[in-house]
> 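Have a look at this one.
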Amino acid sequence: MAYKYIDNYREKGARKKLVEELKKKGIDDENVLQAIGNVKRHYFFDETFWNQAYKDIAFPIGEGQTISQPYTVAYQSQLLHINKGDKVLEIGTGSGYQTCVLLELGAKVYTIERQEKLYNHTRQVLPHIGYNANFFVGDGSIGIAKHAPYDKIIVTAGAPTVPDVLLKQLNIGGILVIPVGDEKSQKMVTVLKVAEHDYEKIVLDTFRFVPLVGDKAW
Ligand code: SAM
């Protein structure tokens with residue numbers, strides 16, 4: 001793989017167009033749009049595929065996984081309502097693209113990936129391109145109790161149900177965003193923790209994620 005970290009006028013222009021496309025598709029949170037406009041998505045692609053980097057599509061990143069579609073990243077980020085300094089748990093680091101968007105929004109990010117190869121790659125690349133998160137390897141379906149509670153939790157793989165253990169790791173006023181369904185399609189679900197044992201759940205649009213694999217998942 002030949003990764004290169006140069007931002008040419010062509011990529012800058014493509015990024016602006018992507019932001020316009022996401023606006024047309026309904027993303028209206030200015031901070032999220034700005035974050036998408038700042039993260040150099042082509043840095044997550046082999047140079048041969050740079051022409052794919054600013055298309056609104058998911059793309060293979062190895063180990064049978066994908067870098068999420070920009071619309072999906074923007075959609076989930078928007079639902080999190082990130083405030084600067086929020087402590088965010090991300091389950092499913094993958095390429096780290098979503099991680100960078102969260103960092104651009106001012107979050108302090110704890111991110112966990114179950115695939116060791118992806119974990120090792122991403123934890124090296126992100127600091128190299130200027131993004132610092134706390135990286136963990138293991139089963140994120142049970143959260144990371146040691147660093148809880150979190151202000152926000154985002155799950156970037158499709159789960160069969162909302163794991164209770166993740167709700168327990170949220171602060172009061174915290175939000176969990178998780179795709180829930182079967183292996184073919186999931187509904188985006190947000191859960192607001194109103195009080196201890198009191199939750200408000202909203203079921204939104206349909207997406208297709210790779211499966212969340214683990215103790216509290218498939
Ligand atoms: N948002 C990421 C990005 O932009 O590159 C893409 C994430 S990819 C769609 C989902 C990731 O979740 C995969 O890398 C997969 O290995 C990981 N995953 C699946 N089950 C997991 C689990 N139980 N704990 C941690 N990571 C998991």
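Each ligand, and each atom within it, is numbered from 1 in the order the structure gives. For clarity, every value in this text was computed on a predicted model and none was experimentally measured. Heavy-atom basis, side chains included; hydrogens, waters and symmetry copies ignored.
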> Measuring from non-hydrogen atoms of Ala58 to any atom of ligand 1, is the shortest distance under 4.0 Å?
no
> Which heavy atom of the protein is the closest neighbour of atom 7 (C) of ligand 1, given with residue, atom name and distance?
Thr156 OG1, 3.3 Å
> Provide the number and element of each atom of ligand 1 under 4.0 Å from a heavy atom of Ile112.
25 (C), 26 (N)
> Do Thr190 and Lys201 come within less than 4.5 Å of each other through their side chains, counting heavy atoms only?
no
> So for Thr99, does at least one of its heavy atoms come nearer than 4.0 angstrom to any atom of ligand 1?
no
> For Lys25, does the NZ atom have more than 12 heavy-atom neighbours from other residues, nucleotides or ligands under 6.0 Å away?
yes
> Nearest protein heavy atom to atom 19 (C) of ligand 1, by residue and atom, and its distance?
Pro211 O, 3.6 Å
> Identify, by atom number and element, the atoms of ligand 1 in contact range of Gln98, meaning under 4.0 Å from any of its heavy atoms.
1 (N), 4 (O)
> Can you sort out which atoms of ligand 1 are near Thr66, meaning under 4.0 Å from one of its heavy atoms?
5 (O), 6 (C), 7 (C), 8 (S), 9 (C)
> Using distance alone, determine whether Gly140 and ligand 1 share an N or O pair under 3.5 Å.
yes
> So between Gln76, Glu113, Arg114, whose heavy atom ends up nearest atom 16 (O) of ligand 1?
Glu113
> Assigning hydrophobic clusters by single linkage (Ile, Leu, Val, Met, Phe, Trp, Tyr; side-chain heavy-atom cutoff under 4.5 Å), is Ile112 placed with Phe135?
no
> If we set the cut-off at 4.0 Å for heavy atoms, which region of Gln115 has an atom near ligand 1: side chain, backbone, both, or neither?
side chain
> A side-chain contact here means heavy atoms from C-beta on lying under 4.5 Å apart; do Thr93 and Leu118 qualify?
no
> Please identify which atoms of ligand 1 are closer than 4.0 Å to at least one heavy atom of Gly138.
24 (N), 25 (C)
> With a cut-off of 4.0 Å, which atoms of ligand 1 are near a heavy atom of Ser95?
3 (C), 4 (O), 5 (O)
> As an exercise, identify every atom of ligand 1 less than 4.0 angstrom from a heavy atom of Ser141.
23 (N)
> Should the pair Tyr5 and Tyr43 be assigned to parallel (<30°), tilted (30 to 60°) or perpendicular (>60°) ring geometry?
perpendicular
> Enumerate the atoms of ligand 1 whose separation from the nearest heavy atom of Leu118 is less than 4.0 angstrom.
14 (O)
> Report yes or no: is the cationic atom of Lys87 (NZ for Lys, CZ for Arg) under 6.0 Å from the centre of the six-membered ring of Tyr150, at an angle within 45° of the ring normal?
yes
> Would you call the rings of His42 and Trp50 parallel, tilted or perpendicular, where under 30° means parallel and over 60° means perpendicular?
perpendicular
> Students should be able to answer this: which protein heavy-atom is nearest to atom 1 (N) of ligand 1, and at what distance?
Ser68 OG, 3.3 Å
> For the ring pair Tyr3 and His121, is the centre-to-centre distance below 6.0 Å?
yes
> For Phe207 and Phe209, take the angle between the two ring planes, folded into 0 to 90°, and tell me which bin it lands in: parallel under 30, tilted 30 to 60, perpendicular over 60.
tilted
> Among Tyr131, Phe44, Phe45, which one satisfies ring-ring contact (aromatic ring centres under 6.0 Å, His included) with Tyr97?
Phe44
> Does any non-hydrogen side-chain atom of Lys40 lie less than 4.5 Å from one of Tyr54?
yes
> Could you tell me whether some N/O pair between Asp139 and ligand 1 is separated by less than 3.5 angstrom?
yes
> Is any N or O atom of Val213, backbone or side chain, closer than 3.5 Å to an N or O atom of ligand 1?
yes
> In terms of residue, atom name and distance, what is the protein heavy atom nearest to atom 12 (O) of ligand 1?
Gly92 CA, 3.2 Å
> Starting from atom 13 (C) of ligand 1, what is the nearest protein heavy atom, named by residue and atom, and what distance separates them?
Gln65 OE1, 3.2 Å
> Can you check side-chain hydrogen bond (donor to acceptor under 3.5 Å, both in side chains) on Glu90 and Thr111, steps first, answer last?
CA-CA 5 Å; Glu90 179 193 29; Thr111 184; 2.7 Å; yes
> Examine the proximity of ligand 1 to Leu212 and report which part, side chain or backbone, both or neither, has a heavy atom under 4.0 Å away.
both
